[in-house]
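Down below is the structure, laid out as structure tokens.
Just so we're on the same page: letters track the sequence lines, and every chain starts at 1. None of these values were measured; they are calculated from a predicted model.
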Amino acid sequence: MINKVCPSVTQAVADIPDGATVMVGGFGASGSPIELIHALIDQGAKNLTVINNNTGNGEVGLAALIGNAQVSKMICSFPRSSQSRLFPEFYKQGKIELDLVPQGTLAERIRAAGAGIPAFYTPTTVGTVLAQGKEQREFDGRTYVMEHWLKADYALIKCEAADPLGNLIYNKTARNFSPLMCMAAKTTIVQAGRLVERGGIDPEHVVTPGIFVNRVVEVSEPVHEDTLIAEGRCYP
Amino acid sequence: MINKVCPSVTQAVADIPDGATVMVGGFGASGSPIELIHALIDQGAKNLTVINNNTGNGEVGLAALIGNAQVSKMICSFPRSSQSRLFPEFYKQGKIELDLVPQGTLAERIRAAGAGIPAFYTPTTVGTVLAQGKEQREFDGRTYVMEHWLKADYALIKCEAADPLGNLIYNKTARNFSPLMCMAAKTTIVQAGRLVERGGIDPEHVVTPGIFVNRVVEVSEPVHEDTLIAEGRCYP
Amino acid sequence: MTTGWTREQIAARTAQDIPNGSYVNLGIGIPELVAKFVPEGREFIYHTENGLLGMGLPPSEDERDLDLMNAGKKYVTAVPGAAYFHHADSFSMIRGGHLDVCVLGTMQVAANGDIANWSTGVPGAIPAVGGAMDLVQGVKQIFVVTQHTTKTGEPKLVERCSYPLTGAGVVSRVYTNLAVIDITPDGFQLVDLAPGVSFDEVKNKTGTSVLPPADNG
Amino acid sequence: MTTGWTREQIAARTAQDIPNGSYVNLGIGIPELVAKFVPEGREFIYHTENGLLGMGLPPSEDERDLDLMNAGKKYVTAVPGAAYFHHADSFSMIRGGHLDVCVLGTMQVAANGDIANWSTGVPGAIPAVGGAMDLVQGVKQIFVVTQHTTKTGEPKLVERCSYPLTGAGVVSRVYTNLAVIDITPDGFQLVDLAPGVSFDEVKNKTGTSVLPPADNG
């Protein structure tokens, strides 16, 4: 029988090497796989390229990974937020590189990687500085920019429930980029709030089919970034 | 309150004009919106371009629409099947044009139309006659073919259940192309096996969000193409 | 002396122009207030980029779910008939032209429909674009709501934007504390004046010419 | 005299080469039989293009659901842990390189890995391609299962395909009633002979040269 269950977050992230490209699910605090990120901080891989919509908040989760000087480059759409302090600090000191990608283009580039599409055209950024240096082309009288797929070595994902085959469901808007990142990474590592038996997720309701998932760890009472920040917590 | 419910299949398809491009959901018999197609036969619009994976079976549904000489062009991946008689007859007599598109490219072109992507690249067809005349390009050392979006004026769709906002769920593999076609047509017309109240579909389980749907008709005991053929039925 | 519309009144005036049944995305700030002023007999369905169609009001403490937020990262609720989906589907709604109206705040809007609302272009500032460039290219109608001038009195309605663009030629209509102004092929054109505001005041506070209302007689 | 493998034995031999936990797409004909011969201790998950991962056996009359079919339009079942999805997601699995093995029948397979299994190219015939061109480009390993020759004794393993290609240079390995043959940069290379079959017979019935097995000593 196929069983993708991994006993701990520590083991789940153990093989992520220095220099890896890592997608991290979540939109702000919602869907952020805090326990996996903290395990990656403990593990210590350096020089990572991280792909996430944002750059973390406070001094926990993704922000703490940046604060621990493990990230050399962020690919994101919105690196500023009300409680984002560590990324701006590192960025202004020239310690971290930023690749700014519009949110829809970021989502579509990740999906393209998962779907085997090396490039596609979009009107987003046409006429702006973000289109500079990009190939442009007209279709049906409108100008479009060519965008390339965006792949990763690993994806760190949080979900509501998973079965041993890696079928996943999410909770509300915590879904966001996660199903796309599962498709686009060579190795997808998932922390699940509940591990259910095989067949425990209705085949009609599966959001991420198990083919896109490599490792599943149960984290039954995950902490939430917003709660940690409200409590003034730091990691490590 | 928004209410997309339409009282009959007759009214739902009444405005489809001659020359329209019509996507028809379904893969073979599974998911084929027989009642909507039969209403379109009664309505009589001619010179239609129809997009479906196949070309219908027996003398009901899509095959009957072709048999009634309403279709001037089929865009599909697999126009042959064991019980397909009318399309081959029309095709050999030069009465219908065929645009053959590989199944994955067909799905992706329809999705691209719904997602605002005028063109994308795929390795499918590279090195084959179906790539002839198409723009080719290398990315990361591999050759890809450029494919364009595929839009429609109308989509005829069958689903398991719908609410008045047009949120849809499907039954098993009857889902197939339908969610994509809902996105790609200017006007999406749905026959639903059950009409449920607003909120009657769990927001986590919605497959097609209502934004992609224009009209919903309840057809509470839909006929199935396989059953009609087994019974030797013809339409009209 | 206060003249013109309050923030709430700008939002209410904007809501008047949104047809029943519209799928609407509201930006942060005054745009959010539009949801408070849906005209009698109409219903709008709100989309938030982070994967929800059918966004509802902010939750009470009891009903708060930390996983249910909007694009501004504020907690929200979902109305009956809502749907959750992932980011590629969400931006397919935007970029595929399925949303009817997007209401955005701005730093500048130009007579040719250009909008600049994501960056001042100041060197060293951290750029952040989010979904703004997707929204302005994809949504059928882009409404801009803004104060007519900056806090220091400079016009926000200009001949050409000096800040980096979010999108070129994409705005349909502008709602300010002073007036409602269309973007036409000939530039800004007055639609409505706020109570107590004169066309001359609007012209004086606009960085380029404003045409008088179209003669609909 | 019968030599070599039966259809079932070809399928069983093919199944031996599929690792535990593989995601597998099986074509129509002999490929379908592979599912009957999963080696002890292994599990494969079957994908069908029309939107199901976790395809199970054909249903009994009682459990038949007319909406649950495979890509060959035959009724099937779903195993526990299955998932349904739409066609774009289904072909993302294929074209995005997520499936491990695709087992296909063929009309011709060439020493350079080309495969021709969708059309004879006869003028007037109705062309039908389905998902074949997607599968051969997207799946990590393409296994071809076929009789070594046509019913009239012509080789199906050839130097270059004469029929229109499904894909160029995509096949990894060929399983026939006579032998298992790898596609290598140097062309066909013998892996295994069926019982009672000589290498000479394989060479005689192949339309181009076949290299002897690699020396793994």
Answer yes or no: does atom CZ of R233(B) have more than 12 heavy-atom neighbours from other residues, nucleotides or ligands under 6.0 Å?
->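 Atom CZ in R233(B) is not crowded, with 12 or fewer foreign heavy atoms closer than 6.0 Å.
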Heavy atoms from other residues, nucleotides or ligands near NZ of K36(D) exceed 12 (cutoff 6.0 Å) =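 Open.
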Relative to chain B, which segment of [X] carries a heavy atom at a distance below 4.5 Å: side chain, backbone, both, or neither?
X	result
T166(D)	backbone
Y84(D)	both
D89(D)	neither
I94(D)	neither

Under 3.5 Å donor-acceptor, T173(B) side chain and M69(D) backbone | yes
Shortest non-hydrogen contact from [X] to [Y]?
X	Y	answer
P102(B)	M133(D)	CG-SD, 4.3 Å
K172(B)	D67(D)	CB-O, 3.9 Å
P127(D)	P79(B)	O-CG, 3.0 Å
G130(D)	F78(B)	N-CD1, 3.5 Å

Chain D interface, residue from [options] that has the most non-hydrogen pairs under 4.5 Å:
options	result
V129(B), T125(B), T124(B)	T124(B)
N54(B), L130(B), V101(B), T227(B)	L130(B)
A107(B), S77(B), G26(B)	S77(B)
G104(B), G127(B), S178(B)	G104(B)
A29(B), S30(B), G28(B)	S30(B)

Enter the distance from [X]:[atom1] to [Y]:[atom2] here, rounded to the nearest 0.5 Å.
X	Y	atom1	atom2	result
L180(B)	H87(D)	CG	NE2	8.5 Å
I115(D)	T128(B)	CD1	OG1	12.5 Å
S84(B)	I126(D)	OG	CD1	7.0 Å
K73(D)	E225(B)	NZ	CD	10.0 Å
R95(D)	T105(B)	CZ	OG1	4.0 Å
N50(D)	N53(B)	CG	CG	9.0 Å

With chain B as the partner, which of [options] has the greatest number of non-hydrogen pairs under 4.5 Å?
options	result
G167(D), G138(D), G131(D), A168(D)	G131(D)
G169(D), A128(D), G121(D), A71(D)	A128(D)
L66(D), D114(D), L68(D)	L66(D)
A132(D), A88(D), G124(D)	A88(D)
V136(D), L135(D), V129(D)	V129(D)

Please state whether the side chain, the backbone, both or neither of [X] comes within less than 4.5 Å of a heavy atom of chain D.
X	value
V207(B)	neither
R111(B)	side chain
S32(B)	neither
F87(B)	side chain
Y91(B)	side chain

Does the side-chain contact (heavy atoms from CB on, under 4.5 Å) test come out yes or no for W118(D) and L100(B), once each step is laid out?
-> CA-CA 12 Å; W118(D) 74 287; L100(B) 190 74; 3.6 Å; yes
Hey, does F91(D) have a side-chain heavy atom less than 4.5 Å from the side chain of E108(B)?
->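 Result no, sub-4.5 Å side-chain heavy-atom pair not found.
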